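Chain letters run A, B, ... following the sequence lines, proteins first and then strands; every chain starts at 1. It should be emphasised that the depicted structure is a prediction, and the values quoted were computed from it without experimental measurement.
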Amino acid sequence: MRRRLMGLEKEYGLYGVNPKKMAETVDKILSQMRTGLEHLAIEAVRYRTIYWSINGAKLYNDTQGDHLEYATPECESFKDIVACDKAGEKILIRLVNSYNQKEKRKILILKNNISYYRSNETDGIVSGETSWGDHECYLLEAFENICSESRFIDNILPHLVTEIIYTGAGHIESLGDSYCYVLSSRAGFITKKTGESATADRPFIMRRYGQDTHADYNKWLRYQVVSNEANMLEVPTFLKFLTTHLCFRLVEEGWQLPIDLALDAPSQLKKLNRDIYLEDSLELLNGQTKKAIDIERVYLEAAKTLDLTDEERKGLELWEWVLDLLSCDLKLDGNLKKLFGVLDRTTKWYWLKKRMEKRNWPLSHPEILGMNLKYHILSDSPKESLWCLLNLKDKEEPFIYRVVSEEEIERALTEPPQTRAKIRSDFIKLACHYSPERFKVINSDIWSEAVLEVKGENKQIKIDFGNDDPLNPSRESFENFKRMILENTPGH
Amino acid sequence: MSKKEKKMAKEQKIIKKMGTPEKQKSTEPEKKMRRIKKTIDEKKKADLDKLIDEIDDVLEENAEEFVQNYVQRGGE
């Protein structure tokens, strides 16, 4: 068994905002958290343009100021990741609804990774597709005593290519004068194995070093898998973390990928992306070919030999079940239907296919292209959002496969997972009451600590959220600080 | 039926009644997973095509404008 901290960073798209005013609008939407919006059940501590929510999550304007971003608190459980991700959707819907009401705007929020058109006002490019991130974060113990980093990553890469068969959210890709339905909107943007940036020339894995590790970087590594895209359904989110975690575990525990499975990851990802019925095989470096599902099964069978936790074992069964469903002939509606409400890319495709058949529309029809985006709208209005409509229908007659309950999502709005995020959450709750009157947060842009200045005392205090031992963090610095604040507060 | 055949038939009957060795090994989570799958399969029997038609009638048709106006910069 191996514990691991994981989290999901998601940039959201906003509809109804001039791209030139995006940064300003995002700031205004987020600034509603500044005062603690009791009526929205959201409280947060602000540091510059970062808002740390009481559930331990982080909301901010991303580095270029072009996207509203929500990062879940650190989780050890895959169910927690799903619950925290869904709680993030709820927080953002509440913030945007409140902003629209106040400013009489009609901004919509989209949980996707692509727009068809780039602004010609900002960079001179008239049209095309542009992408933004959905980053899975994994904390790994330094593994130099197991194998080299390049070997470690080579062992994982075939999985990162083939997992899009269940993690893909589906997309209608522009081919210039025509369109085709693909597994993932993100795959076309991945050009290399690893890298240290993802704004251009995007890799499968982004390596974070130094302070960006958010833990003692002599002992820990932080990897971000940036080749997947945002999911609306819970199963793909659950599976992308579970399967990649298990693949990391395999390599950490000495397993080696059979040498004949090595492939050129970027080119094979693009090839697989257009094979929505999974009929073709991938080309391996040894000249042989193998189906994506069969590569997934190599990892699955190897993972069965690990000493698994209950959650890992149940997740592995879900993984196998999904692969079994994907092994059927997906050209047959009966088989495709079984994955409706399970995977985004099959749910969206069945929906679009039926709509095209009914109206006799081609894939390039504007309504079909629009529906491809409307699937991702987070809104309470069924007229605007296909996702909202599907959920309303699911309440009448369930067909969506859930991983977490509505109660678990509600709880994740205010309660953190039982990881080091709990210390941060307790600190934020304290700060919501006593800052800025009693102390000021003077540095809080990383996940592992916060630096404060206590009013009237000329000294700085550092609260550690688990920099040295992120899996077993000490509460000492927080408890000492809490005692000091409460002892000096009349009435305590 | 010979004595040997009778014995084999009896054994087969017992195996059938008890389930295969694999089935006997089923753990509680596996049983639960099968129950979940069964429930999901039954849900699939809900008329999805009817559901899609109903949804189709509610959604606004303004997609061309929507696609044109959804302009985002790249990010990460």
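A:H67 contributes no side-chain N or O that, together with a main-chain N or O of B:Q72, makes up a donor-acceptor pair within less than 3.5 Å. For the pair A:E367 (side chain) and B:A63 (backbone), a donor-acceptor distance under 3.5 Å is present. A:E11 places no side-chain N or O within donor-acceptor distance of the main-chain N or O of B:G75, the cut-off being under 3.5 Å.
Shown here are the side chain to side chain donor-acceptor pair (under 3.5 Å) partners of A:T347, two or more places apart in sequence or in another chain: there are none. Among residues two or more places apart in sequence or in another chain, the ring-ring contact (aromatic ring centres under 6.0 Å, His included) test is passed with A:H171 by A:Y116.
Between chain B and the residues A:D333, A:L386, A:L14, A:V226, the largest count of heavy-atom pairs under 4.5 Å involves A:L14. Each of A:C388, A:G16, A:P366 has some count of heavy-atom pairs under 4.5 Å with chain B, and the biggest count is that of A:P366. Considering only heavy-atom pairs separated by less than 4.5 Å from chain B, the leading option among A:K354, A:H365, A:E9, A:R355 is A:R355.
For A:S197, no part lies under 4.5 angstrom from a heavy atom of chain B. A:I377 touches chain B through its side chain: at least one heavy atom from C-beta onward sits under 4.5 Å away, while N, CA, C and O do not.
For the atom pair A:K337 NZ and B:D49 CG, the distance stands at 4.0 Å (nearest 0.5 Å). One distance of note links CG of B:N69 with OG of A:S115; it measures 11.5 Å at 0.5 Å rounding.
Side-chain atoms of A:W351 and B:L48, non-hydrogen and from C-beta on, never get closer than 4.5 Å to each other. Residues A:Y15 and B:V71 have side chains not in contact (no heavy-atom distance under 4.5 Å, counting atoms from C-beta outward).
Of residues 368-375 of chain A, those residues lying under 4.5 Å from chain B by any heavy-atom pair are A:L369, A:G370, A:M371, A:L373, A:K374.
Residue A:N112 comes nearest to B:Y70 through the heavy atom pair OD1-OH, 2.8 Å, listed as atom of the first residue, atom of the second, then distance.
Within a 6.0 Å radius of CD in B:E64, other residues, nucleotides and ligands contribute 12 heavy atoms or fewer.
Within the structure, salt bridge (Lys or Arg N to Asp or Glu O under 4.0 Å) pairs that include any residue of residues 382-393 of chain A comprise A:K106-A:E384, A:K393-A:E396, A:K393-B:E54 (at least two apart or interchain).
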Q: Dump the intermediate steps for side chain to side chain contact (heavy atoms under 4.5 Å, CB included) on A:E397 and B:D47, then the final yes or no.
A: CA-CA 10 Å; A:E397 205 172 355; B:D47 194 343; over 6 Å; no
